[in-house]
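This report refers to the structure that appears directly beneath it.
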Amino acid sequence: MITPLPHEKGFHVSWDQLHRDARALAWRLDKRGPGADGAWRAVVAITRGGMAPAMIVARELDIRTVDTISVKSYHAGGGKADTQREAEVLKSPDDAMMGDGEGVLIVDDLVDTGKTLELVRQLYPKAHFATIYAKPKGEPMVDTFITGVSQDTWIFFPWDMALQYVEPYRGKD
Ligand SMILES: O=P(O)(O)OC[C@H]1O[C@H](OP(=O)(O)OP(=O)(O)O)[C@H](O)[C@@H]1O
Ligand SMILES: O=c1[nH]c(=O)c2nc[nH]c2[nH]1
Ligand SMILES: [Mg+2]
């Protein structure tokens with residue numbers, strides 16, 4: 001996992017915003033599958049961040065075959081920011097269902113460096129890769145996304161946040 005600390009900007013996404021953006025992603029993908037009717041065979045979520053977006057996409061497009069792939073990414077040189085990022089599959093989706101990925105929508109919350117999608121693409125080269133958000137480095141790895149953000153932006157997702165009290169701007173002396 002990359003840490004939010006070196007990032008210049010923060011982009012805070014509410015549940016409501018995430019729901020709207022995931023719906024927009026689904027509508028963009030509707031009838032874009034490879035078959036004559038444009039339907040998709042299955043949705044695969046890249047856990048864990050892709051699970052909520054994938055559920056919303058599957059619901060909008062009425063897709064009942066849903067599976068997951070778990071990818072863990074880490075810094076090969078022991079967590080230092082300047083080392084190479086590597087990714088590893090911890091859990092695969094059903095092999096017979098996946099094939100080479102044709103007709104399968106693989107969904108994640110975002111693409112950042114592109115390492116996660118690069119690995120999954122090698123495994124399922126004919127799948128369609130969709131994310132809600134995309135940073136420039138990762139854009140070549142994704143087929144469809146909704147919102148682009150700059151590389152120095154950290155996206156804060158609703159499952160990582162909580163409402164909390166803040167002091168008024170003009171505090172008591
Ligand atoms: O394009 P990349 O640089 O590979 O980064 C993008 C990935 O990083 C985050 O997942 P993370 O590995 O932190 O795990 P999580 O989904 O379980 O939070 C995010 O959900 C993407 O899957
Ligand atoms: O919550 C997150 N926000 C991000 O911007 C990001 N990039 C990689 N992994 C990420 N996780
Ligand atoms: Mg993830």
Side-chain angles (χ1 to χ4, degrees), residues 1-26 28-29 40 42-60 63 66-94 98 101 104-125 127-164:
M1 123 130 195
I2 315 174
T3 54
L5 289 176
H7 293 75
E8 282 286 309
K9 301 167 211 148
F11 179 64
H12 295 79
V13 182
S14 66
W15 281 112
D16 187 53
Q17 183 68 48
L18 183 95
H19 195 181
R20 269 184 279 130
D21 289 341
R23 278 188 157 150
L25 182 62
R28 195 163 293 174
L29 295 166
W40 299 99
V43 169
V44 171
I46 302 182
T47 67
R48 295 155 303 178
M51 294 181 86
M55 181 274 275
I56 295 163
V57 167
R59 189 259 179 192
E60 290 300 317
I63 299 167
V66 179
D67 207 335
T68 58
I69 179 167
S70 174
V71 178
K72 183 177 165 55
S73 54
Y74 54 92
H75 288 286
K80 290 189 227 97
D82 58 352
T83 53
Q84 188 67 33
R85 280 190 86 220
E86 298 288 349
E88 178 194 353
V89 175
L90 298 181
K91 180 262 168 198
S92 299
D94 185 71
M98 289 302 288
V104 177
L105 266 179
I106 300 188
V107 178
D108 208 349
D109 50 358
L110 82 141
V111 60
D112 188 321
T113 64
K115 277 280 163 197
T116 303
L117 292 194
E118 190 183 12
L119 175 64
V120 183
R121 246 182 203 287
Q122 282 165 11
L123 299 170
Y124 310 110
H128 189 100
F129 290 82
T131 64
I132 302 184
Y133 306 107
K135 301 188 192 179
K137 257 193 201 170
E139 270 189 41
M141 286 295 141
V142 67
D143 300 306
T144 306
F145 67 92
I146 294 299
T147 303
V149 302
S150 62
Q151 202 67 40
D152 60 355
T153 297
W154 186 260
I155 303 169
F156 289 90
F157 287 98
W159 47 83
D160 286 334
M161 292 189 290
L163 284 178
Q164 67 173 52

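Note that ligands are numbered from 1 as they come in the structure, with each ligand's atoms numbered from 1 the same way. Please read these numbers as outputs of a predicted model, since none were measured by experiment.
- Residue-level proximity to ligand 2 for F156 is absent, since no heavy atom of it falls below 4.0 angstrom.
- Using a 4.0 Å cut-off between heavy atoms, I155 contacts ligand 2 through both its backbone and its side chain.
- By the criterion of a heavy-atom distance under 4.0 Å, the side chain of K135, and not its backbone, is placed next to ligand 2.
- The side chain to side chain contact (heavy atoms under 4.5 Å, CB included) with L25 is formed by just one residue from the set I56, T131, L105, T144; it is T144.
- Checked by distance only, ligand 1 and G49 come closer than 3.5 Å through their nitrogen or oxygen atoms.
- Relative ring orientation between H12 and F156 is described as parallel, the plane-to-plane angle staying below 30° on a 0-90° scale split at 30° and 60°.
- Residue nearest to atom 21 (C) of ligand 1, selected from T113, T131, D108, L119: D108 (by heavy-atom distance).
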Take D16 and S14 through the test side chain to side chain donor-acceptor pair (under 3.5 Å) and record every step on the way to the result. CA-CA 5 Å; D16 187 53; S14 66; 5.0 Å; no
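- Contacts between L110 and ligand 1, counted as non-hydrogen atom pairs separated by less than 4.0 Å, involve both the backbone and the side chain.
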Apply side chain to side chain contact (heavy atoms under 4.5 Å, CB included) to the pair V120 and D108, showing each step before the final yes or no. CA-CA 11 Å; V120 183; D108 208 349; over 6 Å; no
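- Between L110 and ligand 2, not a single N/O pair is under 3.5 Å apart.
- Listed by atom number, the atoms of ligand 1 under 4.0 Å from S73 heavy atoms are 12 (O).
- Within the 4.5 Å cutoff, no side-chain heavy atoms of D109 are placed close to those of I155.
- Ligand 1 has no nitrogen or oxygen under 3.5 angstrom from a nitrogen or oxygen of V111.
- Of all atoms in ligand 2, listed by their number and element, those nearer than 4.0 Å to a heavy atom of D112 are 6 (C), 7 (N), 8 (C).
- Summarising the contacts of atom 19 (C) of ligand 1 with D109, D160, V142, the nearest heavy atom is found in D109.
- We find that E118 and K115 are joined by a salt bridge, their nearest charged nitrogen and carboxylate oxygen being less than 4.0 Å apart.
- The CD atom of E88 lies 9.0 Å from the CG atom of L119; values are rounded to the nearest 0.5 Å.
- Salt bridge D67/K91: present, at least one basic N to carboxylate O contact under 4.0 Å.
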